[in-house]
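Source: prediction; values computed, not measured. Residue numbers run from 1 in the order of the sequence given.
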Amino acid sequence: MAALRPAVPPVAFQRHLHARAISTSSGMPKFMLRMVRLPLYGMAGAGGLYAYTNYKLDELKGKLGDFFGSASDTASGLFDSLSKGSNDALESARSSWDSFWSRFQQNFEQAKEEEAEENDGDNNNNNNDNNNNDGMLAAAAAALGASLNGGEGEEEGSSEEKPKPEPGSSEELMLLTRKLIEVRNILKSVDHDSDQLVLPSIVVIGSQSSGKSSVLESIVGHEFLPKGNNMVTRRPIELTLVHVPPGDVPSDGIVEYGEFPGTGMGKVTDFMRIQKVLYDMNMSVPREECVSDKPIELHIYSPHVPDLSLIDLPGYVQLSSMDQPEELREKITGLCNKYIQEPNIILAVCAADVDLANSPALRASRKVDPLGMRTIGVITKMDLVPPDVGASILNNNKYPLSLGYIGVICRSPEPVNHSVFSLGRSVNPVELTQDYERNYYREHASAFQAPSRGRNAGVAPMVGTDKLRQRLMVVLEESMGSSLSGISGVVRSELEDAAYQFKVQYNDRNITAESYVTEVMDLLKQRFKMFSQGFGKPEMRLLLKSALDDKVMDILAQIYWSDGKVSELTELGDKRRTSPEELSSEWMHKLDASTGALTKSGIGRTSTQLVASTIRSQLEQLALAEPFNFHVEAAERILSFGTALLKDRFTITADQVENCVKPYKYEVELDEREWEQGRKQSEELMKRELAMCNDAYDRLRNAIGSRRLRGAVEYITQLEERERQRLAARIEMNGDPEALEALAQDDQTDPTRPGFNAALLSKAREARFLQDRADILRMRLAALRSRRCKAGPDQKVFCPESFLNAVADRLTYTAVMFINIELLAEFFYQFPREIDARLGYDMSKEDMMAFARQNPAIRKHIDLQERKHKLEDVMVKLDELTKLYQDKAPRRPASQSKWLFF
């Protein structure tokens, strides 16, 4: 244990404690001097008692250790824990005594100086000496009492108002470091092109067996880095440590946890799970790529860590092998070289049992930092070499570094004992290792004392994880602080450029993801409202009537306009004296067949499907229109729930329409108005169909040529006529072999007219079909204009076109009425509400931001806006930090920083 301060006051102090008579100049009675002197003697005696008690406890510990030497490991561990508690209590008592004694000496010396100044002009030297002694002693006692009382008052009032950090204290150092790390994290998220817009971090490098991971785990106080037989660190780990004051307990009660920003995992309190997540992220790198430069961000919040920014890199490969080829070695070297460039601080981890000349970490750091101005050497496994050898390594003589070397022990030689005597307590291997490290350096304190000669004379080597934490925080704070002026200029320049662009491009108009989502949803509702207002009963009626008109034309072509029946029907209509009753049953059957084909063709399903398809087609146009063409998932969701609404109402609507048109399947009665309207619509339909036929024929004629097309049509007519003749001849021959053979020879010798290929003949057949259809349409158009068709519904046998058109009109009105009630009105009511429920209300802030950034224009706006705001935030923080550094610079030199937290 460290030597105690002497229990007896110094000789210089004893000279002022001799007894004397009452001094009239000082006015202090002799008994008051004794009242002050007695507590001092008591405190001196307490110091001696403390030394004796400490000695006896050490002796008792040794005896008990010998007595229980044969006991189990668990009992030994329990005793060590109790002994450790007593030692901690004694250490606390000793530090309190040291603090008390130093404050008393300081106040006594101050009182001595003040009293000497007051009595500088007195001629009586003897009385002045005595008065000075009494005055100094009283002033020291009074100052000490005031100091103690003031300390108690501060503790009582600490719960109401926290005092500001003292200049140069550890609290001020941690405050500065935390603010600098906050600035660094903001700068990392700013999209910029300048490499100067960065603050330094501590980059940890070392070989795979140097203990690099153990050093980081000792700093954190937990095992959290991935472990494995092969190389498991394949990506950089950007580790940010955030100190949580012990008194600041969050609402959820969690004070020690980790976070992986950008993953959505939230707070991870189990460090074994953090280790598993890091392992999975590293193993996600394909084997053929070996390593990746895409970093893993990890933030650890704990009251046991300082504010630090560390980057863990894959360990250097010493020798190439089958599992670790030369390519892997080169990639790791390139990745490390990328991160150890300026302004980052290099933490070179080396093992004490390996010559520093063979350390790959030191070799790599010398290439980028030849003077060692930003390299800290960490010597691990100090317990594997003799203490004097370890001290010589740390003395920084062989390979000097400006920031020095620090010796640590990150692995305990004793395994963790999980016996029943642990009483259910979880044993932290890192804590056991740190206890072992402290005991080791305490036992070998003489070997690690400051050398008396050499370039490091008077400077003790730095040892221990606590000292490493202190050194890292001080160096990081000083390095970041030295970069403030340069960073401030770059940030100011970047901010001015961003503000100018934001003003020019967007007129300083801010936008949020929430406002963009709301705007897009409102735009979709507005466009849908315009569609609903433009798609009602008239539009549905026109849509269904057009479809039924096409159906009517197909029925007429199939039943009436084939086999030359249309000419016969036209001739019968021209005979004025022929009444419908005089026609044969064949014509009545044709009329019933054509009416049944129209009314029994599933009007309910056909009409409902037609309206639903039209609505879905309009939804597709809305989903593909800007800005939804940038939001593929949202467009799919719009179509999905829109289609679901239509399907939900489709069956009900189709059945309702089918039930309502069922009476028309058996008999349709028309009045004069409906007949006349049907006749006029049929006439217009015939004209439109005739115009279409003429246009199609004109296109063929212009493409082929009139003469050539006419010749090809005549040739096809001749071939068809000749085929009919041959067919008739075969029928007349009635199977005569000789006649059939002569007919076959005649077919072979018949020459084919040259110049007509298959494509031309196909066009000719199409042209002749158009001519025939145009002739039929002219014929029936003339019939519709005749007196018989104008006579009324009784002439429906002679004018089936008018009758079918009137029936189609009746079906259209009936279907539209029920489709509007059962499908259209319900869909137009539900769809806008589904937009809010499925696109707006169920989106989180992250979903809204992702949605907004899918639009390139909005993403550019948001990026520039966020960049400007972040730079403004950084500029404010940098101004505050610059002011803090200016205030603390004359009070605390950087080389005298004290880190008193641990």
Atom of A764, atom of V713 and distance for their closest heavy-atom approach: O-CG2, 3.8 Å

Neighbour count >12 (heavy atoms, 6.0 Å) for atom CD, E539: yes

H861 ring center near Y516 ring center (under 6.0 Å): no

Any donor-acceptor N or O pair under 3.5 Å, side chains S567, T570: no

Residues R699 and D695 bridged, charged N to O under 4.0 Å: no

K763, NZ: over 12 other non-hydrogen atoms inside 6.0 angstrom: no

Partner of K545 by side-chain hydrogen bond (donor to acceptor under 3.5 Å, both in side chains), out of N805, D550, D809: N805

Test side-chain contact (heavy atoms from CB on, under 4.5 Å) applied to S515 and E519, step by step: CA-CA 6 Å; S515 64; E519 180 182 348; 5.9 Å; no

Distance (rounded to the nearest 0.5 Å) between I652 CD1 and L823 CG: 10.0 Å

Nearest heavy-atom neighbours spanning C693 and R773: SG-CG, 3.5 Å

Pairwise side-chain contact, S601 with K551, heavy-atom cut-off 4.5 Å (strictly under): yes

Short side-chain donor-acceptor distance under 3.5 Å, S844 and D847: yes

Heavy-atom pair with the smallest gap, counting every atom of L839 and I638: CD1-CG1, 3.7 Å

Intermediate values then yes/no, side-chain contact (heavy atoms from CB on, under 4.5 Å), F531 and I615: CA-CA 9 Å; F531 164 70; I615 295 175; 4.3 Å; yes

From CA spacing to verdict: salt bridge (charged side-chain N to carboxylate O under 4.0 Å, His left out), D836, R833: CA-CA 5 Å; D836 291 333; R833 288 157 180 78; over 6 Å; no

Salt bridge flag under 4.0 Å for residues E683 and R679: yes

Main-chain N/O of L542 paired to S546 side chain as donor or acceptor, under 3.5 Å: no

A547 versus L610, closest heavy-atom pair with distance: CB-CD2, 3.7 Å

Lys/Arg-Asp/Glu bridge criterion (N-O < 4.0 Å) met for D863, K860: no

Exercise: identify the closest heavy-atom pair between A498 and R867: CB-NH1, 3.9 Å

side-chain hydrogen bond (donor to acceptor under 3.5 Å, both in side chains) between Q501 and D497, intermediate numbers included: CA-CA 6 Å; Q501 293 183 18; D497 180 64; 2.9 Å; yes

Rounded distance (nearest 0.5 Å) linking atom CG of L548 with atom CG of D554: 11.5 Å

Q865 (side chain) donor-acceptor with I511 (main chain) under 3.5 angstrom: yes

Any R859 side-chain heavy atom under 4.5 Å of Q854 side chain: no

Ring pair (Phe, Tyr, Trp, His ring centres under 6.0 Å) between F831 and F641, worked out: CA-CA 8 Å; F831 187 77; F641 65 73; 5.3 Å; yes

Distance, nearest 0.5 Å, that separates NZ of K680 from CD of Q677: 9.0 Å

Interatomic spacing from CD in E689 to CG in L781 - rounded to 0.5 Å: 12.0 Å

Any Q505 side-chain heavy atom under 4.5 Å of Y500 side chain: no

Side-chain touch K845/E514, heavy atoms, less than 4.5 angstrom: yes

D293/R235 ion pair, N-O < 4.0 Å: no

M692 atom CE, neighbour heavy-atom count above 12 within 6.0 Å: no

Donor-acceptor contact below 3.5 Å, side chain R810 vs main chain E669: yes

Any donor-acceptor N/O pair, S640 side chain to E636 backbone, under 3.5 Å: no

Audit row: Q618, L622, side-chain contact (heavy atoms from CB on, under 4.5 Å) steps and yes/no: CA-CA 6 Å; Q618 184 63 32; L622 294 177; 4.2 Å; yes

Side-chain touch M281/T263, heavy atoms, less than 4.5 angstrom: yes

Polar side-chain atom of H631 near backbone of F851 as donor-acceptor pair, under 3.5 Å: yes

Residues, nucleotides or ligands: over 12 heavy atoms within 6.0 Å of M265 CE: yes

Pairing of R616 and E620 as salt bridge, 4.0 angstrom limit: yes

Flag side-chain contact, heavy atom, 4.5 Å: N510 against F502: yes

Set of side-chain contact (heavy atoms from CB on, under 4.5 Å) partners for A625, sequence neighbours left out: R527

CG-CG distance between L760 and L709, expressed to the nearest 0.5 angstrom: 7.5 Å

Flag, side chain of S607 to backbone of I603, donor-acceptor distance under 3.5 Å: yes

side-chain contact (heavy atoms from CB on, under 4.5 Å) between Y697 and E766, worked out: CA-CA 8 Å; Y697 181 81; E766 183 179 355; over 6 Å; no

T814 side chain near Y664 side chain, heavy-atom distance below 4.5 Å: yes

Flag if over 12 foreign heavy atoms under 6.0 Å of CD, E633: no

Backbone N/O of K529 and side chain of S532: donor-acceptor pair under 3.5 Å: yes

Closest non-hydrogen atom pair, E826 against E822: CB-O, 4.0 Å

Heavy-atom donor-acceptor pair, N855 side chain to A857 backbone, under 3.5 Å: yes

Minimum side-chain heavy-atom gap Y560-E801 below 4.5 Å: no

Charged N-O contact under 4.0 Å between K665 and E658: yes

Stepwise salt bridge (charged side-chain N to carboxylate O under 4.0 Å, His left out) test for R605 and D655: CA-CA 8 Å; R605 175 170 291 273; D655 292 344; 5.9 Å; no

K687, NZ: over 12 other non-hydrogen atoms inside 6.0 angstrom: yes

Rounded distance [0.5 Å steps], NZ in K662 versus OH in Y666: 6.5 Å

